[in-house]
Amino acid sequence: MKRKICIIITITVLIIFAVFMFLFFKSSFSLSINGSKIDKDEFLNAASLKKYEAASYFSEKSGVNVDSNFWEREIDGELPYQKLADLAIEQIKYFHAVYGLAEEKGYIEDSSYQDFLERFELENKTRKEKIEKGEVVYGLSEYSQELYMEYEMDTIQKSYCGDLENEGMEVTDEDRKQYYEKNIAYYKQDDDRILDYVKISYYDEGMDESKIDELRSTLTSIYKKMDKDHSLASLAKEEESIAPFLEHADVTAEELTIYSRTISDVLEFAWDLKSGESTAVLDENQCLYLIECTERKENGNVSLDGVKDNINKTLREERYDAIIEKRIEETLVEGDMEPIYSFMKKHIND
């Protein structure tokens, strides 16, 4: 009898142990990238960087709101916390592709996440000490992990693209020509425009409704009289109440940026006007407008020489991105996804 009880107890203990071990391994976190072990902090940081992207994916796809149950609620056959875990792994792959290349090129000594954290903490410590000493600190007084990572990755890209001996960084005349011809539409110069316009900011001027109605009526009368022999400028000058608001602008392609800062609203309303055309009387932005394009001249394309440096930069950055993408595709990821998903679910709100 005692022997039988001992056997039962032994079997029970073994079953409990087996269940315990099953649950333990199921909940354990194990992930490696190209043979390098990824610790939990690195995974969770990557997940935090991708949280908005994961939420947006489901919001745009199904229109769901991100509430307290969002991450564990199945949406169109998918679980958001699992999607987040997948995106976190993609982020880690990208990190190691960029930093692995940087280590190979000697831009950094160590491509590990731990070494990144040490540089991040040292940078913030250095900035804090300089501020305390009253020294000038350019940029941010303190970096977040995300911003420091962006800063380092941008620096790595610039370092790689700035060395013409690196793979893909030599740009030939033929490369530039092909890119220029393929994207010729982007190199068209803006037209030159000569505009006469009336803009009355009645809110800023503190005008009452009767005054606004009076000015609107006068502008409408001018608009109806406008033709090839009667321009906005000539008609507006004859109206005492309107003449003070008449303006002129020679908006050449070279000065477009300047005018875009000062009369962006006028340019928006006049953008599609041809020579001799005008808008109707507009009541927008608490302003009255009447705009005439007296002349519009089409300009040609910016020359290839004029955009040479821009094309060089674009091609080198595109080739750099392609190199990183290839390294990502060749990345070896090892890990059981079920425990990783379980870990993500458990720490989703950390």
State, yes or no, whether a side-chain contact exists between [X] and [Y] at a heavy-atom distance under 4.5 Å.
| X | Y | value |
| --- | --- | --- |
| T155 | K158 | no |
| Y197 | T279 | no |
| K51 | W71 | yes |
| D204 | Q286 | no |
| C293 | E277 | no |
| M207 | I200 | yes |
| V333 | I89 | yes |

For [X], I'd like to know if atom [atom1] has over 12 heavy atoms of other residues, nucleotides or ligands within 6.0 Å.
| X | atom1 | result |
| --- | --- | --- |
| K128 | NZ | no |
| K188 | NZ | yes |
| E167 | CD | no |
| E135 | CD | yes |
| Y223 | OH | no |
| E74 | CD | yes |
| D67 | CG | yes |

Pair [X] + [Y], salt bridge at N-O below 4.0 Å:
| X | Y | answer |
| --- | --- | --- |
| D283 | R216 | yes |
| R127 | E123 | yes |
| K313 | E317 | yes |
| E53 | K50 | yes |
| D250 | R193 | no |
| D115 | R119 | yes |
| D227 | K224 | no |

Give the cluster check for [X] versus [Y]: same hydrophobic cluster or not, with ILVMFWY residues linked at side-chain heavy-atom distances below 4.5 Å.
| X | Y | result |
| --- | --- | --- |
| Y57 | L87 | no |
| Y99 | Y320 | yes |
| F343 | M337 | yes |
| I258 | V251 | no |
| I242 | Y202 | yes |

Roughly how far, to the nearest 0.5 Å, is [atom2] of [Y] from [atom1] of [X]?
| X | Y | atom1 | atom2 | value |
| --- | --- | --- | --- | --- |
| N285 | F269 | CG | CZ | 5.0 Å |
| K93 | E330 | NZ | CD | 11.5 Å |
| Q178 | D173 | CD | CG | 11.5 Å |
| R319 | D175 | CZ | CG | 4.5 Å |
| S30 | D336 | OG | CG | 8.5 Å |
| D196 | M226 | CG | CE | 9.0 Å |

Quiz prompt | Verdict with reasoning, D265 to Y289, per side-chain hydrogen bond (donor to acceptor under 3.5 Å, both in side chains) | solution = CA-CA 10 Å; D265 51 348; Y289 298 89; 2.6 Å; yes

Do [X] and [Y] have side-chain atoms, one donor and one acceptor, less than 3.5 Å apart?
| X | Y | answer |
| --- | --- | --- |
| S112 | D110 | yes |
| D305 | S303 | no |
| Y341 | D86 | yes |
| S59 | S56 | no |
| S111 | E103 | yes |
| H230 | E238 | no |
| Q82 | E78 | no |

Quiz item: So, F43 versus F29, ring centres under 6.0 angstrom or not?
Solution: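 Between F29 and F43, which both carry aromatic rings, the centre distance is below 6.0 Å.
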
Self-check item: F120: partners by ring pair (Phe, Tyr, Trp, His ring centres under 6.0 Å), with sequence neighbours left out
Solution: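 Ring pair (Phe, Tyr, Trp, His ring centres under 6.0 Å) check on F120 returns Y148.
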
Exercise. Quick one: do N299 and D190 satisfy side chain to side chain contact (heavy atoms under 4.5 Å, CB included)? Show the steps, please.
Key: CA-CA 6 Å; N299 291 311; D190 287 298; 5.9 Å; no

Practice problem: Might you point out which heavy atoms bring I263 and A249 nearest each other, and give the distance in Å? | Solution: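 Scanning both residues completely, I find the closest heavy atoms to be CD1-CB, 4.2 Å.
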
Self-check item: Residue pair S278 / E292: nearest heavy atoms and the distance that separates them
Solution: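 Smallest interatomic distance, heavy atoms only, reads CB-CA, 3.9 Å.
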
Quiz prompt | Geometric cation-pi criterion K83 and F58, 6.0 Å radius, 45° cone | solution =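 No cation-pi geometry.
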
